[in-house]
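Lettering follows sequence order; numbering is per chain, from 1. Atom set for the values below is all heavy atoms of this structure, side chains included, hydrogens, waters and symmetry mates excluded.
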Amino acid sequence: MKQQLNQIKADVVSALENISSKAELESFRVEFLGKKGRLTQVLRGMGGLSPEERPVVGQLANEVRSFIETEIERMGEKLEKELLEKRLVEERIDVTIPGTRKKLGKRHPITTVLDEIKDIFIGMGFQIAEGPEIEGEYYNFKALNMPEGHPARDVQDTFYITEDVVLRTQTSTVQARVMESQKPPIRIIAPGRVYRSDAVDATHSPLFHQIEGLVVDKGVTMADLKGTLEVFCKRLYGEDKKFRFRPHYFPFTEPSCELDISCPACNGKGCRVCKGEGWIELLGAGMVHPKVLEMSGIDSTIYSGFAFGIGLERTVMRRYEIDDLRLFFENNLKFLKQF
Amino acid sequence: MKLPLSWIQDYVDIEGITPREYQGALTMSGTMVEGILQQGENIQNVVTGKILKIEAHPDADKLVVCQVDVGDETVQIVTGAKNMKEGDFVPVAKDGAILPVGKIKKGKLRGVESCGMMCSEEELGLAEEGTCDGLMILPKDTPIGMDIRDYLGLNEKIAEFEITSNRPDCLSVIGLARETAVTLGKPFNFKKPAVTQSGGDVNDYISVEVLDSELCPRYCCRAVRNVKIGPSPAWLQKRLELSGIRAINNIVDITNYVMLEYGQPMHAFDRRDISSSKIVVRRAKDGEVLTTLDGIERKLSNKDLVIADGEKAIGLAGVMGGENSEIKEDTTDVIFESANFNGVSIRNTSKKLGIRTESSSRFEKGLDPNNAMAALDRACELVALLNAGEIVSGVIDVCAQMKPNREIPFNPDNINRILGISIDRDFMVETLTALEFKVEGDRVVVPSFRGDVEGEADLAEEVARMYGYNNIPSTLLKGETTMGGKNKKQMAEDLVKDTLVSLGLYEIMTYSFVSPKIYEKLNIPKPDYIEISNPLGEEHSIMRTTAVASALEALATNYNQRNDEAFLFELATTYHKGGEDALAIEKQEVVIAMYGDVDFYGIKGVVEQLLEAFGITYYDIVPETENPIFHPGQTAVMKLKNKPAVTVGRVHPLVQKNFGIVPDAYVAVLDFDILLECQRTDKKYKQLPKYPAITRDIAMVVSDEINVRQIEDVFRKTRSNILESYELFDVYKGKQVGEGLKSVAYSLSFRAADKTLTDDEVNTVMENIISELEKKLNAKLRL
């Protein structure tokens with residue numbers, strides 16, 4: 001019997017070599033372990049063994065059984081693996097064929113950049129303020145220290161609805177409205193549409209967007225203005241950029257300044273883009289004129305503040321190197337899809 | 001303002017400072033220098049030459065062949081010019097020369113070799129385009145072979161300044177020299193002009209009466225006799241021309257020279273033309289007529305100030321002189337006017353009549369009356385220098401009470417507090433004194449030419465710009481924390497954009513002003529819209545009351561650009577009459593416009609998903625058949641809180657045609673205010689279902705007139721707490737169901753939160769629903 005068992009074991013080893021499918025493996029299992037299988041047959045003859053032989057042969061039979069079972073399992077795994085590998089090879093596709101796409105919409109590039117700017121200022125504790133586009137002459141001019149006959153009024157070619165009502169020429173109109181309705185500390189930005197009667201060309205539009213900023217509190221200084229705007233510019237344009245503050249004039253701020261960025265095209269050496277100056281103007285700013293504070297009912301001996309105005313289209317044009325302002329309002333998808 | 005820097009050099013020593021340094025320094029102290037042009041920079045290898053011989057060109061009638069001596073050689077040049085003769089001296093651009101118009105190279109002209117070019121003033125960049133006729137002929141004593149830049153003295157640096165409107169004092173050499181001196185820390189060498197009087201009495205020559213001292217606070221004049229009119233000397237002409245003013249004759253040139261130098265516009269009258277030798281400064285009579293120096297007849301009104309004589313107007317005050325009293329070749333007696341006029345009045349007159357002159361653009365910013373006399377004296381000093389006439393003794397000065405110079409408090413601590421630095425008092429005093437402020441203890445007397453300085457903030461700027469803005473530290477905001485962020489409406493705006501973008505739509509931006517013709521194109525009556533009184537053109541002349549037309553135009557643009565598909569939206573502001581304080585009511589609407597792979601249900605789905613994003617899942621909906629913009633059979637109005645909030649549908653074929661859109665277009669308009677009002681943000685978690693659902697399909701035949709919404713209303717009104725949801729899965733019209741009928745099929749899902757439902761429980765509800773459908777809608781159940 002021992003011999004028989006050893007023979008089975010040897011046969012198993014050689015039979016296994018020829019197995020190449022799961023079906024073959026199953027018939028192999030039946031052949032050896034099935035009800036009529038060879039091992040079962042052998043074991044049936046156990047009754048004829050002597051009591052001394054029985055445990056010895058029994059042990060051997062168990063060893064053979066577990067050997068066969070292990071081998072079947074091992075073989076099964078091997079076959080499974082081969083099958084999987086075969087399938088994986090068969091399922092190979094050309095992965096360089098372009099993907100199937102979902103239709104995706106996009107925000108207008110002006111909104112995208114505006115959102116970014118809003119986030120920067122919200123991070124510094126600013127709120128978003130709003131005001132009407134069709135605005136009283138008072139808020140557009142007088143409250144900004146531009147009384148009637150002020151020469152600065154001429155600089156802004158104004159659209160009039162009536163003598164006293166205009167299309168706002170700047171988002172600075174929101175300054176007085178906010179100061180009248182809110183007590184310091186005030187930290188707001190006011191983005192929106194503004195209007196100037198400029199004929200349409202690559203760099204002019206009768207409608208464009210500005211972002212006004214206003215901070216009013218006790219002890220606000222020009223150094224704070226510089227610091228705040230530097231944070232803003234560095235986050236928007238990159239830490240490596242150089243900036244300079246240059247004196248300028250606005251009727252509603254004093255001292256006033258303009259903020260320039262080193263020309264990205266020539267790195268400040270002077271080129272066509274910057275007209276040889278090495279700098280490009282980014283925005284106008286200044287300390288809120290005490291008269292403007294007083295007109296809006298804020299005591300300028302207690303409070304001070306700063307204000308700034310950013311031209312959004314120009315910012316977006318610089319960001320994406322867009323050379324024609326008209327594209328923004330044409331709404332051609334060939335343009336809008338690029339951002 | 002454009003000036004040769006050599007003129008500044010008269011008043012402050014800027015030798016040895018490079019143009020780039022000058023530009024940087026002045027720009028950073030508040031006087032923006034836009035650029036400095038080095039004259040002759042774009043001229044190279046151009047020399048003086050003498051034409052030795054002129055011969056006809058063998059093959060061209062209009063060309064001649066010249067032999068020209070350029071010093072080291074004689075070159076042959078072919079030219080089409082005609083104004084030269086043998087022996088003339090001309091500028092010669094040699095082979096390889098650089099001119100403002102380009103590079104000159106040796107070449108053949110109609111077969112004859114030409115080794116350069118003889119130049120006109122225009123080609124050298126010395127004259128405006130189209131003003132030259134022929135070559136520049138140089139004087140007979142010109143040395144041959146000399147660099148033309150040296151010969152013509154093309155060595156000036158011309159600076160272009162941008163002067164802000166608050167600094168009219170800087171519209172002058174003196175003002176800019178003062179700024180230059182303080183910026184560079186150099187002395188400002190101003191000399192008071194000296195007048196050599198020749199006797200006589202000015203009062204015998206002229207009398208002055210000012211009838212409106214508000215519009216003319218000061219009027220000074222002097223008389224000059226035995227005037228010899230002629231050209232000004234070259235140095236003076238050159239300075240004027242480099243500053244952009246054409247030289248005319250010595251007297252007129254003097255007035256312009258003084259205007260540039262002192263910033264005080266002047267005028268010269270021919271005394272013969274002043275009737276009864278009397279100048280009257282008065283308002284014009286309504287309808288009074290004056291022909292100005294440019295030969296144009298101006299109709300004046302009572303708001304305009306004129307200089308008149310005993311009879312008539314002879315000048316438009318501060319704007320332009322009259323033709324009737326101009327300086328002529330035989331003028332012998334001249335009256336120099338140096339006056340001060342009210343800025344606002346000059347601005348209005350100049351705007352109304354459309355004349356903007358060097359004079360008016362200075363006066364309108366408000367000039368210093370104190371400057372008038374100094375300028376007048378400077379003019380007389382120049383008369384003597386040019387030997388142009390004799391100054392009659394005495395001066396007329398009609399002057400309203402002069403305002404004393406403004407005094408403002410000076411507190412270095414306050415200035416430091418504004419700037420956020422600590423500059424010491426000495427620096428401040430030094431700076432202000434150099435700028436001609438007088439510091440007297442805790443007060444500062446502002447010089448009369450600095451009308452812009454009104455308070456401490458202005459003093460802070462004076463100090464800061466000389467200290468250097470870039471030397472002020474950068475600090476971050478301190479103080480009470482503020483609550484930043486967006487409000488509910490602003491967040492809702494973001495939600496609209498986020499949702500529509502995620503549904504595949506592109507955001508557009510369109511103009512707020514439109515043409516009144518859009519209403520015709522939209523086929524709707526014109527509403528009472530807001531008009532712009534001075535529009536750029538009809539196309540942009542009214543404020544839109546709807547953004548639909550703009551969106552349709554955007555669709556048309558995309559169609560014309562051959563884009564297969566356009567899914568667009570805009571969160572647009574519209575403008576309506578009737579706002580507070582005579583302003584507009586500004587409303588926002590969401591306009592969605594689509595063509596391409598979309599139908600009515602496609603755009604409706606977008607609207608539904610947008611509403612869902614706002615937490616709005618139920619609304620009333622009715623077909624809209626009356627809106628002329630839309631297709632009467634494919635349009636619906638959705639109502640929220642009983643107000644029409646959304647119109648969605650296919651664009652009417654006629655309207656589509658008006659806008660030139662060929663593919664079927666779909667539009668939805670949502671009232672943003674109502675959307676915001678109905679927004680639900682109170683989302684609550686609902687327990688996930690524990691027990692299985694039972695679904696039942698139901699198909700029925702109803703009249704085609706019945707909308708599925710009516711069927712759904714029946715479902716909803718059963719108010720069964722186990723009817724979890726219903727979903728339409730088929731609508732069929734055709735022969736099998738019969739004419740005027742349709743088959744509608746729903747899948748209903750039932751579920752209880754606390755147990756597994758039995759068939760009986762579901763059947764009861766189903767029976768109820770079916771009987772209601774039969775009763776209310778005459779529905780026939782299909783099996």
Among the listed options A/E135, A/K102, A/E163, the residue most often paired with chain B at heavy-atom distances under 4.5 Å: A/E135
Is it the backbone or the side chain of B/K489 that comes under 4.5 Å from a heavy atom of chain A, or both, or neither? side chain
Side chain, backbone, both or neither: which part of B/N470 has a heavy atom under 4.5 Å from chain A? both
Between B/E480 and A/P185, is there a donor-acceptor pair closer than 3.5 Å when you use the side chain of the first and the backbone of the second? no
So, for A/H248 and B/E162, which heavy atoms are closest and what is the spacing to 0.1 Å? CE1-OE2, 3.5 Å
Can you tell me if B/E507 uses its side chain to pair, donor with acceptor, with the backbone of A/H108 under 3.5 Å? yes
Report the relative orientation of the aromatic rings in A/F329 and B/Y511; use parallel for angles under 30°, tilted for 30 to 60°, perpendicular for over 60°. tilted
Treating A/N331 as the side-chain partner and B/N558 as the backbone partner, does any N or O pair qualify as donor plus acceptor under 3.5 Å? no
Report which part of B/N348 has an atom under 4.5 Å of a heavy atom belonging to chain A: side chain, backbone, both, or neither. neither
Salt-bridge contact B/K478-A/D224 (side-chain N to carboxylate O under 4.0 Å): yes
Please classify the contact between B/R167 and chain A as side chain, backbone, both or neither, with a heavy-atom cut-off of under 4.5 Å. neither
Any Lys/Arg nitrogen of A/K103 or B/D597 sitting under 4.0 Å from an Asp/Glu carboxylate oxygen of the other? yes
For A/E133, does its backbone N or O pair with a side-chain atom of B/E586 as donor and acceptor, under 3.5 Å? yes
Donor-acceptor pair, distance only, cut-off 3.5 Å: does the side chain of B/Y506 make one with the backbone of A/L104? yes
